[in-house]
Number of protein chains: 2
Amino acid sequence: MAELSSASGVPVATIKFYLRERLLPAGERTGPNQARYGEEHLRRLRLIRGLLEVGGLSVATARGVLDAVDSELPLTQSFGVAQRAVSATMDPADIDPQALARIDRLLAGWRVSGDNPGRLAAAYVLQTFDSVGQRDERDWFSRYAAAALLVAEADLDQVEARGSREDMAETVVIGTVLGDALFSGLRRAAQEHVSSLRYPVSPEPGRIPTLE
Amino acid sequence: MAELSSASGVPVATIKFYLRERLLPAGERTGPNQARYGEEHLRRLRLIRGLLEVGGLSVATARGVLDAVDSELPLTQSFGVAQRAVSATMDPADIDPQALARIDRLLAGWRVSGDNPGRLAAAYVLQTFDSVGQRDERDWFSRYAAAALLVAEADLDQVEARGSREDMAETVVIGTVLGDALFSGLRRAAQEHVSSLRYPVSPEPGRIPTLE
DNA sequence: CAATATGGACAGTAGAACTATCCGATAGTT
DNA sequence: AACTATCGGATAGTTCTACTGTCCATATTG
């Protein structure tokens, strides 16, 4: 266990915590108080850290996601589980039906089920957007939708490139969770790029001030 | 204050908490123990809830973002502040230089400063992606980058459509925070759409099982 | 004038993610 | 065989965050 800890950089106490929380399967026992951990434990541990740190999942949510990876669910359902895990479960009741209708108009032609968590989340964002007095200018929403479609095609391709069902399921989960983080990172970089093209930099480069 | 509470749906105790935390400016005093809150307080309160609920920001981070909106920062800096707020501040030290180099290759031709938080975050995602044994198949990364560029153009257009500097600053912040949530929602919807096109539904529609 | 409401200060709470301590058993050293 | 170090497991803290509840002096209202 100490070995696993030093190989991964995760404190022993934390590994014990993950074992207790059933995120990490127990090691192969070699005696009543000895266990061996292998390469797969290290990989799993890195996956856990990735889900928690990069994906920002809670321990409980990560457990659900990992269970889905380990289970024998058909692939289409893996997507559903992963999506539900990363989206805050929201009551359709407190979403403005009008916002939902706008999302549906935006997604016209898409085959999306009524309880797709992404659709509900998007509607909730629209509603919030309105309530703080913002307006959709120059097709902001629909350009987002178009970009989302591109990304979703890439996601499916990435999953299909894997061989076995388990690999695909793992890729679905990782892609769903890390994909969000990757995209928002790239988006911020792209914002700076586009911004610097449109507003050529002032002579003095100057550091962007940090928060606070 | 009770009025503000019922209009916004936020409990009075929570409003007091936000006042204490300097998220919400104090109301106009009409007496030693009476204050009036107006439309702008309601809007601000909704913005706060949006940042916390939809954007998932912490109270401390939201304060930083709101301070940026209120300040007289030039617009280009507002982007920086908003970006830094929504990205977990990460030490460039614990990012694999190799992952950074790959991101830079991916972003070839982009004008992005070295300390752009999105660039660092994306590199960190790449590193995690590798460490859990995933590979970039069929240009997954570069297709993400292309989509991010599209979205960033839309973001800039949305901001430019606003009139005053304050409106623009607010739009930057809202767009940065809510844009992430909007995109990931749309991405999930698009995933289901693309998936159902590629793998036509089985005769029995069947609900996707919920987590747990 | 009495009942209720108000805003502010401050203490308390619940949940999440660790972290520290203890313990009995065993592995390695001498 | 004796001794020390380490192991895995159980349990009890600890820290942080976002609220929530209570109290109180003052106002407003019927």
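All values below were derived from every heavy atom in this structure, side-chain atoms included, with hydrogens, water molecules and symmetry-related copies excluded. These numbers come from a predicted model, not from an experiment. Naming convention: chains lettered A, B, ... in sequence-line order (proteins, then strands); numbering from 1 in each chain.
In this entry the distance linking NZ of B/K16 with P of C/dC10 reads 13 Å, nearest Å. Remark: P of C/dA11 and CZ of B/R20 are 11 Å apart, rounded to the nearest angstrom. One can place CG of A/L23 at 11 Å from C1' of C/dA17, the figure rounded to the nearest angstrom. If you take CG of B/N33 and P of C/dG7, they are 8 Å apart, rounded to a whole angstrom. Distance, B/F17 CZ to C/dC10 C1': 14 Å, rounded to whole Å. Summarising the geometry, the separation between CD on B/Q34 and P on C/dG7 is reported as 5 Å, rounded to the nearest angstrom.
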#### Entry: Stepwise side chain to side chain donor-acceptor pair (under 3.5 Å) test for A/E53 and B/Y124
CA-CA 10 Å; A/E53 266 179 46; B/Y124 190 54; 2.3 Å; yes
### Query
Between A/R135 and A/D130, is a salt bridge (charged side-chain N to carboxylate O under 4.0 Å, His left out) present by the stated rule, with each step listed?
CA-CA 7 Å; A/R135 281 194 4 244; A/D130 279 354; over 6 Å; no
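Residue contacts shown for B/A13 include a base, since a base heavy atom lies under 4.0 Å away.
For DNA chain D, the contact window with chain A, defined by any atom under 4.0 Å from a protein heavy atom, covers D/dC7 to D/dT11 in 5' to 3' order.
Under the Watson-Crick or G-U wobble criterion, with both distances below 3.5 Å, C/dT4 is paired with D/dA27.
DNA chain D lies under 4.0 Å from at least one heavy atom of each of the following residues of residues 36-57 of chain B: B/L52.
Judged purely by atom type and a 3.5 angstrom limit, B/Q83 has no side-chain atom pairing as donor or acceptor with the backbone of B/N116.
B/E170 and B/R44 are not joined by a salt bridge, as no carboxylate oxygen comes within less than 4.0 angstrom of a charged side-chain nitrogen.
More than 12 non-hydrogen atoms from other residues, nucleotides or ligands lie less than 6.0 angstrom from CD of A/E166.
Side chains of B/R188 and B/S184 form a contact here, defined as non-hydrogen atoms less than 4.5 Å apart. The closest side-chain heavy-atom distance from B/V151 to A/R143 is not below 4.5 Å.
For A/R29, no side-chain nitrogen or oxygen approaches OP1 or OP2 of C/dA25 to under 4.0 Å.
Between A/Y144 and B/F183, the two ring planes are perpendicular [angle over 60°; tilted spans 30° to 60°].
Between A/T14 and A/T30, the residue anchored closer to the 5' end of DNA chain C is A/T14, taking for each the nucleotide with the nearest heavy atom.
There is a side-chain donor-acceptor pair under 3.5 Å between B/S113 and A/E192.
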